[in-house]
Protein chains: 2
Amino acid sequence: MAQDDSRANSHNLAALVVRTGERVKADFAQAVLAHDVSPPLARAILLLNEPAQMGCLASQLSCDQSYVTRLADDLVKRGLVTRAPGDDRRVQVLTLTPAGALLKDQLAEAVSVESAVSSALSPHEQEQLRSLLTRILEIS
Amino acid sequence: MAQDDSRANSHNLAALVVRTGERVKADFAQAVLAHDVSPPLARAILLLNEPAQMGCLASQLSCDQSYVTRLADDLVKRGLVTRAPGDDRRVQVLTLTPAGALLKDQLAEAVSVESAVSSALSPHEQEQLRSLLTRILEIS
DNA sequence: TGTCAACATTTGAGTTAGTCAAACATTATT
DNA sequence: AATAATGTTTGACTAACTCAAATGTTGACA
């Protein structure tokens, strides 16, 4: 109802969760854009610790497979990954080139350096937070 | 790696924060779309407890003023708000119509009902979470 | 009082981060 | 051998924005 204002606005905990997520995302974006990489591209690169097929990447990114195709196009064009058919010739396996691996390390460094989460909270508090968030994600 | 910890490397706390934010946002979207309102429109409606001028709404939504113009166009077209010049005739004041006010209450109800945050955590835990997130937002 | 800077809103054009459906190639099933 | 299933690609589209320039309005001040 209208007078139940405690939930309506940004004093609302749900809104705070969203806002914090957006803040962390913005920090990530700032860190990776400094390396001329868009956030989705950076996410893909950071997942390529070992060669992976595109469908797998899609599920890790929780996005459509066709979007991974576009990301891969871009990565290949930039010389950051190679795209080669696997044993099953339907699949394409993405592998970081040396340049890509280097960039991945730089991105990982940049992202972790400017992490508001780890600089705001003690290790114990970080564990607390992790546990609370996990509980939220677990429901349903 | 078949783990469906969907937002990659959820062992990374920052990723977990983002993922939780997205989950909460998705719940919000689901709740309001059931009332045929897009998430940004719903956010605007929920902020209109009292008449507000557009620039003010923009800052509450943290978006460009020109985007509020488009939201307002839509809201007016649907008969949910009126847009009238204020005393200062540069400003336009948005006011919920009766239909808009009714919808606002329905949205507030729908959004609060399906809140993962409040059903996953005890009141005390919610306070803990609020405090941790606030600390993250405060750093900058 | 006239002029000019500042402000609120609007418009037009563009961007980013995707989605969906259909097509295609390859492999698996019957 | 025919058909179904799987993985990727393409084309067309969308949502949710942003930016820059244009428009209308007001306040400041010489």
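Below, chain A is the first sequence line, B the second, and so on; all start at residue 1.
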Would A:Thr69 and A:Arg83 satisfy side chain to side chain contact (heavy atoms under 4.5 Å, CB included), going step by step from the backbone distance to the final call?
CA-CA 10 Å; A:Thr69 297; A:Arg83 180 207 247 137; 4.1 Å; yes
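What separates CG of A:Asp74 from C1' of C:dA17 is a distance of 13 Å, to the nearest Å. Distance CG (A:Leu61) to P (C:dT19): 10 Å, rounded to an integer number of Å. In this entry the distance linking CG of A:Leu94 with P of D:dT9 reads 8 Å, nearest Å. The CG atom of A:Leu41 sits 17 Å away from the P atom of C:dT15 (whole-angstrom rounding). Taking atom CG on B:Asp36 and atom P on D:dA15, their separation rounds to 13 Å, with Å as the unit. Taking atom NZ of residue B:Lys77 and atom P of nucleotide C:dT10, one finds them 13 Å apart after rounding to whole Å. Summarising the geometry, the separation between CD on B:Gln92 and P on D:dT26 is reported as 12 Å, rounded to the nearest angstrom. For B:Phe28 and D:dA16, the CZ to C1' distance is 14 Å, given to the nearest whole Å.
Salt bridge annotation for A:Arg70-A:Asp74: absent, with no cationic side-chain nitrogen under 4.0 angstrom from a carboxylate oxygen. Using a 4.0 Å cut-off between a side-chain N of Lys or Arg and a carboxylate O of Asp or Glu, B:Arg130 and B:Glu127 qualify as a salt bridge. A salt bridge does not link B:Lys77 to B:Asp73: none of the charged nitrogens lies less than 4.0 Å from a carboxylate oxygen.
Among the atoms of the strands shown, none is found under 4.0 Å from any heavy atom of B:Arg43.
Checking side-chain atoms of B:Ser115 against main-chain N and O of B:Ser112 turns up no donor-acceptor pair under 3.5 Å. Side-chain atoms of A:Gln65 never come within 3.5 Å of backbone atoms of A:Ala58 as a donor-acceptor pair (strictly under, hydrogens ignored). Using modelled atom types, one side-chain atom of A:Thr97 and one backbone atom of A:Gly79 make a donor-acceptor pair closer than 3.5 Å.
Looking only at atom types and distance, the side chain of A:Gln128 has no donor-acceptor partner in the side chain of A:Ser131 under 3.5 Å away.
Of the residues in residues 84-91 of chain B, those placing a heavy atom less than 4.0 Å from an atom of DNA chain D are B:Asp87, B:Asp88, B:Arg89, B:Arg90, in numerical order.
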Restricting to nitrogen or oxygen on both sides, can you table the protein-nucleotides 18-21 of chain D pairs closer than 3.5 Å?
| from | atom 1 | to | atom 2 | distance (Å) |
| --- | --- | --- | --- | --- |
| D:dT18 | OP2 | B:Asp64 | N | 2.9 |
| D:dC19 | N4 | B:Ser66 | OG | 2.9 |

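Evaluated for a side-chain contact (heavy atoms from CB on, under 4.5 Å) with A:Thr20, the options B:Val18, B:Thr134, B:Val17 yield exactly one hit, B:Val17.
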